[in-house]
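As structure tokens, the structure follows; a few thoughts come after it.
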Amino acid sequence: MTETGFRAGILLFRLFKIVSTAVARYVDGTFSNLQPSMRLSRYFLPILRETPKEAEILSHRLMLRAGMIRQEAAGIYAWLPLGFKVLQKVTEIVREEMDRAGAIELLMPTLQLADLWRETGRYDAYGPEMLRIKDRHEREMLYGPTNEDMITEIFRAYVHSYRELPKILYHIQWKFRDEQRPRFGVMRGREFLMKDAYSFDIDEEAARRSYRRMFVAYLRIFDRLGLKAIPMRAETGPIGGNLSHEFIILAETGESGVYCDADILDLPIPDELIDYDGALESIVGDWTRLYAATDDVHDLARFERETPPERRVRKRGIEVGQVFYFGDKYSKPMRALVAGPDGVERPVIGGSYGVGVSRLVGALIEANHDEAGIIWPDSVAPFAVGIANLKVGDAASDAASLKLYGALKKAGIDVLYDDLDERPGAKFARLDLIGLPYQVIVGPKGLAEGKVEIKTRRTGAREMMSIGEAVARFTG
RNA sequence: CGGAGUGUGGCGCAGCCCGGUUAGCGCACUAGUCUGGGGGACUAGGGGUCGCGGGUUCGAAUCCCGCCACUCCGACCA
């Protein structure tokens, strides 16, 4: 056998191994990011009974109590299994909608060279919020607070013609901003997970089309997360540019005051069949026509002139995303040039689009909770169903619970089976706290009539039914 | 960055002003018994360099100095 043939053989064998491993993982259900169903006795769910004193805001308290996160330093958190699961579900929705809108995922590093940021002048401009690091060769580096500079560097290395445009590239990566005062748990950490997308177009008109794409994708992302998000005209801050919208979700405990026209709240969300290559002007127009502003840019006179009294909404909100059009702010100094149809090179026209993924987890809780704890929307619930075996050790309760657990698991439902030998009260409190959308309560009382109880966390509604009916409820 | 405050078993706290036995309480944890539909009861246990460094003193969780970390209120940000 020739050496080339031998190498090809090894390559083929490796390929076979990769494929067969993937198939095996798919078959036993561990494929992709979705983690399997769990028995609570084998899980890692460190519930706190008392609220840690440092947590002032509700979502922060609930995340600590529900064993979702652990603080490792100011504004820096470890994501424990339950929290990580939610984070992954949010991430996945963001990813799906970006992909649907035609954006292309890549992954840039967290550490960047200072020299790159010197090209745009941002190394000095960014200030103490930027975490600066030196490597062993005394090379100046930084932990990326955002990626405009790097993506522009990547873009300019490869793309030189208008014929390759438009392009929207994005990644979902940890960022670090050395906030003066981190607070509110993951809502305003120093380290945070962000989806940031960057668009590249030949001219302003095309760039505005990309902007609208991302705008519409954002409407869909927040809607799928079960959140009411309102786009609001915004300042551009250190990113720069002259067109920007913040996406604010309404929550009683939000950081900023929000003023808007009630009609915005009833605008329809584009469905998943939306044609992103089609005309999006009317959708964006509908969403930006009516008055909507946060208190820092609020114009009372205009609000009262444009909005009839009965439609004036004054609420609190949390910023969960922002879109920017910034033209040639980065491409010009970095010489990211593309040739147009006329053969003349010009700076590529850009925009950037951020979603605070880890912040969203906190925001989701701010918008979905009650006195007893979290209430997850179905789309991001860490488990769809929790089974509470009220009398572990009792033959009938054990058998019924296991039957349910097995059937739901087999049907691909993400289910958490509470098989701990504890009193019912503790189990109810815990399930309410962690906020799974549905609880199946299995105990001797119900089983005496051959029934289990299904409780809907959000409404508190309870229903007795047979095990078969219960399984059908979630799988049918 | 201005202002305020806190560091004592895993969590919540007391003790500190006014120095003095083996540093205490609740929860959690371990073993056992009874229990069992909204965070159970009893019994017996285990676990702490009192943030770090220095000083004063016969003696420091406690007084003094320095440092570090964290939190809260305000101005700023996905």
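FYI, side chains are in, hydrogens and waters are out, and symmetry mates aren't considered; it's all heavy atoms of this structure. Chain letters run A, B, ... following the sequence lines, proteins first, then strands; residues in each count from 1.
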Complement of C1(B), any strand, by Watson-Crick or G-U distances under 3.5 angstrom: G74(B)
Distance, C1' atom - from G20(B) to G59(B), rounded to whole angstrom: 7 Å
Rounded distance in Å - CZ (R190(A)) to P (A78(B)): 18 Å
Side chain of R423(A) (C-beta onward), nearest among G36(B), U71(B), G12(B): G36(B)
Side chain of R181(A) (C-beta onward), nearest among G74(B), C70(B), G12(B): G74(B)
Q173(A) side chain to D196(A) side chain, donor-acceptor N/O pair below 3.5 angstrom: no
P spacing across the pair C52(B) / A60(B), given as an integer number of angstrom: 15 Å
Listed nucleotide nearest any side-chain atom of E453(A), set A78(B), G38(B), G37(B): G37(B)
Touch class at under 4.0 angstrom, heavy-atom based, for D421(A) against every strand present: base
N or O in side chain of R462(A) less than 4.0 angstrom from G37(B) OP1/OP2: no
Touch class at under 4.0 angstrom, heavy-atom based, for G443(A) against every strand present: base
Short side-chain N/O contact to C77(B) OP1/OP2 from Q322(A), under 4.0 Å: no
P gap between U30(B) and C67(B), integer Å: 43 Å
Aro-ring/base stack F428(A)-G37(B), d under 5.5 Å, angle under 30°: no
Spacing of L62(A) atom CG relative to C11(B) atom P, expressed in whole Å: 19 Å
Rounded distance in Å between the P positions of G66(B) and G24(B): 33 Å
Pair of N/O donor and acceptor under 3.5 Å linking C76(B) base with R188(A) side chain: yes
Ring centre gap for Y43(A) and F383(A) strictly below 6.0 Å: yes
Side-chain H-bond candidate by donor/acceptor type, H171(A) with Y198(A), under 3.5 Å: no
Sugar-phosphate, base or nothing in reach of Q71(A), heavy atoms under 4.0 Å: sugar-phosphate
Flag side-chain contact, heavy atom, 4.5 Å: N389(A) against D419(A): no
Nearest-angstrom distance from the residue atom NZ of K391(A) to P of G40(B): 16 Å
Sugar-phosphate, base or nothing in reach of G127(A), heavy atoms under 4.0 Å: nothing
Between P of G37(B) and CG of D432(A), the distance in whole Å: 16 Å
G53(B) - base-pair partner by Watson-Crick or wobble geometry, distances under 3.5 Å: C65(B)
Pairing partner (Watson-Crick or G-U wobble, both distances under 3.5 angstrom) of C34(B): G40(B)
Atom pair distance, as rounded to whole Å: CD1 in I318(A) and C1' in C77(B): 14 Å
F155(A)/F200(A) aromatic ring centres below 6.0 Å: yes
Polar side-chain contact K53(A)-G7(B) base: donor and acceptor under 3.5 Å: no
Touch class at under 4.0 angstrom, heavy-atom based, for A55(A) against every strand present: nothing
Donor-acceptor pair present, D394(A) side chain and G36(B) base, under 3.5 Å: no
Which nucleotide in C73(B), A75(B), G37(B) has an atom nearest any side-chain atom of Q180(A): A75(B)
Watson-Crick or G-U counterpart of C16(B), or none if no pair lies under 3.5 Å: none
Pairwise 5' ranking along RNA chain B for G425(A) and R359(A), keeping only the more 5' one: G425(A)
Euclidean distance, atom CG of residue L64(A) to atom C1' of G10(B) [Å, nearest integer]: 14 Å
Residue L390(A), side-chain atoms from C-beta onward, closest of C72(B), C27(B), G37(B): G37(B)
Identity of whatever pairs with G46(B) - Watson-Crick or G-U, under 3.5 angstrom: none
Sugar-phosphate only, base, or nothing, as touched by E191(A) at under 4.0 Å among non-hydrogen atoms: nothing
Whole angstrom value for the distance that separates P of C77(B) from CZ of F184(A): 15 Å
P-based separation of A75(B) from C68(B) [nearest Å]: 27 Å
Touch class at under 4.0 angstrom, heavy-atom based, for I441(A) against every strand present: base
Comparing L193(A) and E50(A) on RNA chain B - which has the more 5′ nearest nucleotide: E50(A)
Residue pair Q322(A) / S244(A), side-chain donor-acceptor N/O under 3.5 Å: yes
K195(A)/E97(A) ion pair, N-O < 4.0 Å: no
Span that lies between the C1' atom of G46(B) and that of A31(B), in whole angstrom: 11 Å
Sugar-phosphate only, base, or nothing, as touched by D196(A) at under 4.0 Å among non-hydrogen atoms: nothing
Distance between P atoms of C70(B) and C58(B) (Å, rounded): 38 Å
A4(B) and C17(B), which share atom name P, separated by this distance in whole Å: 23 Å
Interatomic distance, Y198(A) OH vs A78(B) P [rounded to whole Å]: 12 Å
Sugar-phosphate, base or nothing in reach of V320(A), heavy atoms under 4.0 Å: sugar-phosphate
Salt bridge K89(A)-D414(A), side-chain N to carboxylate O under 4.0 Å: yes
Side chain of R183(A) - closest among C72(B), U6(B), C11(B): C72(B)
Nucleotide paired to A23(B) in any strand shown, Watson-Crick or G-U, under 3.5 Å: none
Side-chain H-bond candidate by donor/acceptor type, Y353(A) with S199(A), under 3.5 Å: yes
Touch class at under 4.0 angstrom, heavy-atom based, for R70(A) against every strand present: nothing
